[in-house]
Amino acid sequence: MTDHSHRTGAPRDTEADTEVEPDAEVDTVAGSHAEADADLRGRWHDTLLAARAGAEGPDPLPYAENLLARWAEPQRRYHSTAHLRAVLDHVDTLAAHADDVQAVRLAAWFHDAVYRPDRSENEERSAALAERALTEAGAPDAVVAEVARLVRLTVTHAPAEGDRNGEVLCDADLAVLAGGPQEYAAYAARVREEYGFVPDDAFREGRAAVLRQLLDLPRLFRTPYGAAEWEERARHNLATELELLTSSAPG
């Protein structure tokens, strides 16, 4: 059990102190989401154009709409547009470490573009989608290949030594593990919601196995920034969640 971790244009995959009126509150939330999505569209536009390096290609916007629709699917609780935005922000933090930060940013967009919590081939299907969509969108072959490689790397989050692009993407994807206590608790709760179809005993067993696997890694984070800023707190969070899971198991 992992926690990672339309055209319209692109090819489809087959598979307070004052009382606020309810409508006003809904409008505020909707406006916030619209603003956030507009920011993401702009980031996609700039990244794709940079990856094209001046070459002509189709309008980037329909591809952004396709991807945003995927990230907003109803089965997602953690793997949502909020996660996409967080990973992109973390990539920005680590950008100086990457050899090709535009490829890493594109990989962030695609790394969970296909996501079903009851399926095991999400990363492969996401990589295949990236290959089709980015080729059609005018990205160079080398960039397409690198993005697909990076997406497939998120199966293990184990980049080879010297794979600087892989280190940035994997660290950005796992940075959620280093959140504060409330942030981490919210993350863990959203993961549980995504696996709501799994009985409690089976979920505890599967989730505990994931946590142990992560804790057994010699390093969670490969970039210098990630190692210095995220490693210790992430390990504390993982160990705490594991203790809570095992202590709540039936005797």
Side-chain angles (χ1 to χ4, degrees), residues 4 6-13 35-72 81 83-115 122-175 222-226:
H4 40 273
H6 308 291
R7 212 168 66 179
T8 136
R12 286 187 176 274
D13 190 82
E35 184 177 347
D37 283 357
D39 174 70
L40 285 171
R41 290 184 189 94
R43 293 168 81 165
W44 165 265
H45 175 276
D46 293 347
T47 299
L48 181 58
L49 291 190
R52 285 179 185 166
E56 293 295 323
D59 181 1
L61 182 57
Y63 296 87
E65 299 298 346
N66 177 294
L67 288 163
L68 289 173
R70 290 173 179 276
W71 284 93
T81 51
H83 172 59
L84 169 61
R85 192 176 305 110
V87 173
L88 289 169
D89 288 345
H90 293 314
V91 170
D92 288 348
T93 298
L94 303 172
H97 187 78
D99 288 328
D100 184 350
V101 72
Q102 305 304 345
V104 179
R105 288 183 176 122
L106 289 172
W109 274 91
F110 281 97
H111 80 286
D112 284 319
V114 178
Y115 182 73
N122 291 314
E123 293 86 358
E124 179 56 38
R125 289 162 64 89
S126 295
L129 176 69
E131 289 170 331
R132 298 195 304 273
L134 288 173
T135 297
E136 183 183 293
D141 290 347
V143 171
V144 174
E146 177 65 354
V147 170
R149 182 189 74 82
L150 290 169
V151 172
R152 292 184 172 104
L153 185 59
T154 61
V155 174
T156 61
H157 289 93
E161 199 69 35
D163 179 4
R164 294 169 68 94
N165 289 340
E167 290 173 345
V168 170
L169 180 63
C170 290
D171 278 17
D173 196 23
L174 294 181
R222 307 299 186 91
T223 65
Y225 183 96

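All values below were derived from every heavy atom in this structure, side-chain atoms included, with hydrogens, water molecules and symmetry-related copies excluded. Since the model is a prediction, treat every value here as computed from it, not as a measurement.
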Q. Should the pair E131-R152 be classified as a salt bridge under the 4.0 Å nitrogen-to-oxygen rule?
A. yes
Q) How many angstroms lie between CZ in R41 and CD in E65, if you round to the nearest 0.5 Å? A) 4.0 Å
Q: Anything under 30° is parallel, anything over 60° is perpendicular, the rest tilted; go ahead and classify W71 against H111.
A: tilted
Q. Is there a donor-acceptor pair closer than 3.5 Å between any side-chain N or O of R70 and the backbone N or O of F110?
A. no
Q) Does any N or O in the side chain of S126 come within less than 3.5 Å of the main-chain N or O of V114, such that one atom is a donor and the other an acceptor? A) yes
Q) Once you round to the nearest 0.5 Å, how far does OH of Y115 lie from CD of E123? A) 9.0 Å
Q.
With a 3.5 Å distance limit and no angle check, can you tell me whether N165 reaches the backbone of V104 through a side-chain donor-acceptor pair?
A. no
**Q.** Donor-acceptor contact present, side-chain W44 to main-chain P60, <3.5 Å
**A.** yes
Q) Could you state the interatomic distance from CG (L134) to CD (E146), rounded to the nearest 0.5 Å? A) 12.0 Å
Q) Does any N or O in the side chain of T135 come within less than 3.5 Å of the main-chain N or O of R132, such that one atom is a donor and the other an acceptor? A) no
Q: Look at R43 together with D89 and state whether they make a salt bridge at an N to O cut-off of under 4.0 Å.
A: yes
Q) Between the side chains of T223 and D171, is a donor N or O closer than 3.5 angstrom to an acceptor N or O? A) yes
Q. Quick one: are L150 and V147 in side-chain contact, heavy atoms under 4.5 Å?
A. no
Q) Are the side chains of D112 and N122 in touch, meaning some heavy atoms are under 4.5 Å apart? A) no
